[in-house]
Amino acid sequence: MEQSLFVYNTLTRRKEQFVPINPPFVGMYVCGPTVYSNAHLGNARTYISFDLVFRYLTHLGYKVRYVRNITDAGHLEGDAGDEGEDKIEKKAKLAHLEPMEIAQKYTLDFHDVMQALNILPPSIEPRATGHIIEQIELVKLILQNGFAYEVNGTIYFDVEKYNKTQDYGILSRRNLEELINNTRDLGGQDEKRGKLDFALWIKAKPEHLMKWPSPWGLGFPGWHLECSAMSEKYLGKHFDIHGGGIDLVPTHHTNEIAQGVAACHINPAKYWIHTNMLTMNGQKMSKSLGNSILPYELFTGHNSILSKGYSPMTLRFFILQAHYRSTLDISNDAMEASEKGFKRLMNSFSLLDDLTASATGEADIAPLQQRCYDAMNDDFNSPVLIAELFEASRIINSVHDGKLKIDQSNLDLLKQLMQTFMLDILGLKNEEAANNDLPNVMNMIVGLRSEAKANRDYATSDRIRDGLQKIGFQLKDSKEGTTWNKI
RNA sequence: GGUCGGAUGGCCGAGUGGCUAGGCAGAGGUCUGCAAAACCUCCUACAGCGGUUCGAAUCCGCUUCCGACCUCCA
């Protein structure tokens with residue numbers, strides 16, 4: 001099926017038709033985590049959003065190479081130039097561990113979270129420390145092209161010089177003068193020529209643990225550089241999509257573009273996609289503000305904000321119920337509502353295989369399917385898609401109740417639609433444990449209750465029903481018999 | 001302070017000029033031994049004040065409030 005996809009490009013601030021540079025191939029680079037602490041819920045939102053993009057592009061038939069990096073070096077604590085300390089290293093010293101132990105620990109944690117949330121692994125997940133040579137080569141190239149300078153073994157990017165021939169603020173839409181005037185004066189920047197200059201390569205002090213030899217002495221790469229080096233290595237100088245959180249726009253991505261242009265004379269990506277923030281009580285969730293919840297704290301309910309635990313799929317559903325470019329506020333009520341809604345959707349999904357088709361039917365699924373595609377084609381509008389799936393759910397339930405008739409071809413289409421959009425594209429899955437014994441046991445108990453009911457022994461039948469209710473199973477009586485599900 | 005973005009019904013959240021999503025909560029009904037579920041119906045909102053227009057939640061201006069970025073952040 002030919003679909004015309006429109007995506008919002010931060011570069012142009014408009015929705016643009018998605019036309020790959022080299023179809024059917026699509027290159028997508030998403031800035032991954034800096035592995036110096038646990039991934040929190042806000043991080044999860046970003047990767048769920050790009051998982052949706054990855055899944056939909058794949059569904060449309062594109063051959064997507066999805067690169068999402070792990071930054072395990074070079075990310076400074078504070079923007080203090082050579083005074084800064086590597087985040088990984090700082091943590092390592094505190095814990096008396098090797099920096100790589102820290103990186104490994106949090107990389108594994110990150111992967112656990114990704115898996116729990118049913119986020120597909122990227123095609124390539126490169127690490128900054130594995131690409132030091134590429135980063136050094138990139139620094140050389142930028143120096144050679146005249147957009148960087150060396151001071152005592154540290155290499156800075158010359159922003160003001162760059163801006164003479166290029167537009168440094170092309171992504172953030174800020175002009176240089178504004179930026180210079182509004183940048184706070186920080187200490188330890190004496191070496192830099194310009195206030196906005198940023199380090200490409202940083203000279204290591206003797207006590208630094210993570211350092212590598214370079215033409216400028218022992219040092220380590222600056223933040224921003226690893227993404228430029230790795231995206232170029234795996235996707236080329238110019239690729240289709242570059243993504244990340246919206247908070248990366250003014251600094252990280254701005255500098256990545258500058259690096260790309262300075263080294264390769266081209267903006268690295270055609271479409272820049274940014275996800276909005278997850279907020280709590282109206283404020284951005286972030287590690288520095290201390291209002292972040294870790295995913296496993298959400299799953300278990302062990303946190304000070306929410307009253308109970310919510311499953312990974314509930315979180316995923318909650319996140320997909322908002323558009324990726326809107327801020328999303330997390331709260332008890334909102335999670336509660338999503339949990340119930342998600343269960344309703346999943347319930348009707350599980351009824352799908354029991355439906356029987358009629359010779360003729362009133363249900364017409366094709367327009368609904370088109371509306372699902374329309375929603376996704378409009379900049380991955382998952383909340384509208386979910387609204388349509390609730391319409392599908394209503395149809396399923398009505399057919400199940402015998403209140404609506406559906407013919408075989410529409411039933412097949414309905415099954416296909418739910419499978420495609422709910423499982424493949426939204427990446428939702430049924431969390432009910434697949435235990436083969438349980439249905440048999442339950443069927444036996446339900447059978448006993450039906451006998452009691454037939455004998456008008458309601459005391460017994462109610463005792464069974466209420467007892468099951470207490471341990472988390474809900475019975476539903478209908479003309480066709482009794483069904484059950486886990487609450 | 002500067003720049004940018006937002007303010008939608010009890011809650012969450014779509015929606016860029018007329019057709020006024022969806023979920024949760026609430027009310028009524030159908031079904032049912034009762035209950036639950038499901039289905040049907042109802043609750044029809046767009047911060048405030050002006051303006052443009054035949055018509056505005058949607059465009060413009062002002063005001064109020066909130067947030068993001070400018071420092072590490074997804």
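Everything quoted here is computed from the prediction, not taken from an experiment. Atoms considered below: every heavy atom in the structure, side chains included; atoms not considered: hydrogens, waters and symmetry mates. Just so it is clear: chains get the letters A, B, ... in the order the sequence lines come, proteins before strands, and each one is counted from 1.
Judged by closest nucleotide on RNA chain B, A:Ala322 is the one of A:Ala322 and A:Arg449 placed further toward the 5' end. Judged by closest nucleotide on RNA chain B, A:Gln321 is the one of A:Gly341 and A:Gln321 placed further toward the 5' end.
Residue-level contact check: A:Glu336 touches neither bases nor backbone, having no heavy atom under 4.0 Å from any strand. Note on A:Asp329: only backbone sugar-phosphate atoms sit closer than 4.0 angstrom, heavy atoms only; bases stay farther off. Using a 4.0 Å heavy-atom distance criterion, A:Met335 is classed as making no nucleic acid contact. No engagement by A:Ser331 is indicated, since no non-hydrogen atom pair under 4.0 Å with the nucleic acid exists. Within 4.0 Å of A:Leu404, counting heavy atoms only, lies no atom of the nucleic acid at all. In this structure, A:Pro250 reaches the sugar-phosphate backbone alone: every heavy-atom distance under 4.0 Å involves primed, P, OP1 or OP2 atoms, never a base.
Base pairing of B:A56 is not made with any nucleotide, judged by Watson-Crick or G-U wobble geometry with both donor-acceptor distances under 3.5 Å. For B:U20, there is no paired base (Watson-Crick or G-U wobble, both distances below 3.5 Å). Nucleotide B:C34: unpaired (no Watson-Crick or G-U wobble partner with both distances less than 3.5 Å). Using the Watson-Crick or G-U wobble rule with both distances under 3.5 Å, B:C42 pairs with B:G26.
The stretch residues 386-400 of chain A touches RNA chain B through A:Ala387, A:Phe390, A:Arg394, A:Asn397, A:Ser398, each having a heavy atom within less than 4.0 Å of the strand. Across residues 38-48 of chain A, A:His40, A:Gly42, A:Asn43, A:Thr46, A:Tyr47 each have a non-hydrogen atom less than 4.0 Å from an atom of RNA chain B (numbered order).
For B:G23, one of the phosphate oxygens OP1 or OP2 lies less than 4.0 angstrom from a side-chain nitrogen or oxygen of A:Arg344. Residue A:Asn485 has no polar side-chain atom (N or O) positioned under 4.0 Å from OP1 or OP2 of B:A37. Using a 4.0 Å cut-off, no side-chain N or O of A:Thr279 falls inside it from OP1 or OP2 of B:A68. Close to B:A25, at under 4.0 Å from its OP1 or OP2, lies a side-chain N or O of A:Lys340.
Checked by distance alone, A:Asn332 brings no side-chain donor or acceptor within 3.5 Å of a matching partner on the base of B:C11. For B:G33, the base has a donor-acceptor partner in the side chain of A:Asp462 [N/O atoms by modelled type, under 3.5 angstrom].
For A:Asp247 and B:U3, the CG to C1' distance is 16 Å, given to the nearest whole Å.
For A:Asn485, the side chain to side chain contact (heavy atoms under 4.5 Å, CB included) criterion is met by A:Asn347, A:Gln474, A:Lys476, not counting sequence neighbours.
Distance from the side chain of A:Ser461 is smallest for B:G33 among the nucleotides B:G33, B:C34, B:A36.
Here the separation of B:A56 from B:C46, taken at their P atoms, is 14 Å to the nearest Å. Going from the P atom of B:G26 to that of B:A36 covers 12 Å, rounded to whole Å.
Around the CZ atom of A:Arg173, the shell of radius 6.0 Å holds more than 12 heavy atoms that belong to other residues, nucleotides or ligands. Within a 6.0 Å radius of CD in A:Glu177, no more than 12 heavy atoms belonging to other residues, nucleotides or ligands are found.
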